[in-house]
Amino acid sequence: MTAGTRRWALAGLLAAAALAAVGLGLWQVSRARCFALTGPVVCRVETSAPLVALTFDDGPTPTGVEAVLPVLEAKGARATFFLIGEDVAKHPELAARLLAAGQEVGDHSYTHRRMVGRPSAFYDREIGDTEALLRKAGAASGLFRPPYGKKLFGLPLAARRHGLKIVMWDVEDPATSDPKAFAGQVVAQARPGSIILVHAMYASNATARAALPMILDGLDAKGLRAVSVGELLAQAR
Ligand SMILES: [Zn+2]
């Protein structure tokens, strides 16, 4: 290898490393909970009020709604349900039931595909179709939760076009199959202003469903009350 080709090889390596670093950086940004490049996201609310927002993603499914709603009602708790448009179309009665019970309903896209690197028409369709269904059901929370928590350039811009606020979270469902440990970890991380993400809609979410009463009792013992995201946002300093 001549000195010239060595220099080119080195330059090529450096360029590849720089591209990889940019790629890794964008991937990190796409999954950041409290930051997006092209618009605001909320991952918690700065408040001294003893409130946390409880949020449930996906569905609605009969299994999830029938398990979660009675627990919330028994404990006098409110939550925000981020629903998938496709599933609302399949089960409009479940969305209606959540709303009739005084729970908050937000938009979790129409097909639950990753909302990164898509043409802007994709974002508009996913958001617009879901918003139309939710409005028909009587929901108007103005809240959007990205599928897989992923967003980069296009989604925050689209959310703004549709007048929606992107809601992430600062506490998420722990990876354990023991309901008591699940509840314990959620409660330990929760503090005033936290937004808690729980998945409870699918057959695979039995641990979360079993943990829910313990989560609410644990929050109560810590002096924290579970409310919807809308109620928590109203407390922002
Ligand atoms: Zn989801």
Side-chain angles (χ1 to χ4, degrees), residues 27 29-36 39 41-44 52-69 72 79-92 94-95 98-99 103-118 122-134 137 139 141-152 154-156 158-159 162 164-177 182 186 189 194-209 211-212 215 226 228-230:
W27 182 77
V29 167
S30 77
R31 61 197 288 275
R33 283 180 187 169
C34 306
F35 173 76
V41 298
V42 181
C43 62
R44 54 168 283 103
V52 296
L54 193 52
T55 67
F56 295 95
D57 277 14
D58 308 334
T61 66
T63 308
V65 172
E66 276 152 28
V68 169
L69 200 50
L72 294 179
T80 301
F81 292 79
F82 288 100
L83 303 183
I84 300 169
E86 238 169 23
D87 293 336
V88 175
K90 254 180 259 168
H91 294 290
L94 293 178
L98 291 171
L99 289 162
Q103 304 297 333
E104 187 172 53
V105 166
D107 183 332
H108 194 38
S109 84
Y110 199 83
T111 60
H112 206 277
R113 281 184 281 176
R114 271 186 174 65
M115 296 181 91
V116 168
R118 311 275 190 179
F122 174 86
Y123 302 111
D124 285 333
R125 202 167 53 238
E126 287 281 328
I127 293 175
D129 290 356
T130 308
E131 283 301 299
L133 275 177
L134 294 184
S141 68
L143 306 175
F144 184 86
R145 162 85 38 88
Y148 313 100
K150 298 278 278 179
K151 73 263 162 297
L152 200 50
L155 178 55
H162 291 265
L164 301 181
K165 194 182 279 283
I166 294 184
V167 180
M168 300 287 284
W169 60 89
D170 66 339
V171 178
E172 68 187 353
D173 19 20
T176 169
S177 56
F182 188 111
V186 167
Q189 292 173 65
S194 280
I195 298 176
I196 301 170
L197 164 60
V198 175
H199 291 85
M201 288 290 160
Y202 300 123
S204 57
N205 302 132
T207 305
R209 288 191 293 274
L212 185 58
I215 292 175
S228 66
V229 171

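As the structure lists them, so they are numbered: ligands from 1, and atoms in each ligand from 1.
Residues His162 and Asp124 have side chains that bring a donor and an acceptor to within less than 3.5 angstrom of each other.
Salt bridge present: Glu172 and Arg33 bring a charged side-chain N and a carboxylate O closer than 4.0 Å.
Applying the salt bridge (charged side-chain N to carboxylate O under 4.0 Å, His left out) criterion to Lys90, with sequence neighbours excluded, gives Asp87. When the ring pair (Phe, Tyr, Trp, His ring centres under 6.0 Å) test is applied to His112, the partners found at least two apart in sequence or on another chain are His108, Tyr148. The salt bridge (charged side-chain N to carboxylate O under 4.0 Å, His left out) search around Arg31 returns none, not counting sequence neighbours.
For the Zn ion (ligand 1), the count of nearby protein N, O or S atoms, meaning those under 2.8 Å away, is 3.
Of all heavy-atom pairs between Met201 and Thr61, the closest is O-OG1, 2.5 Å.
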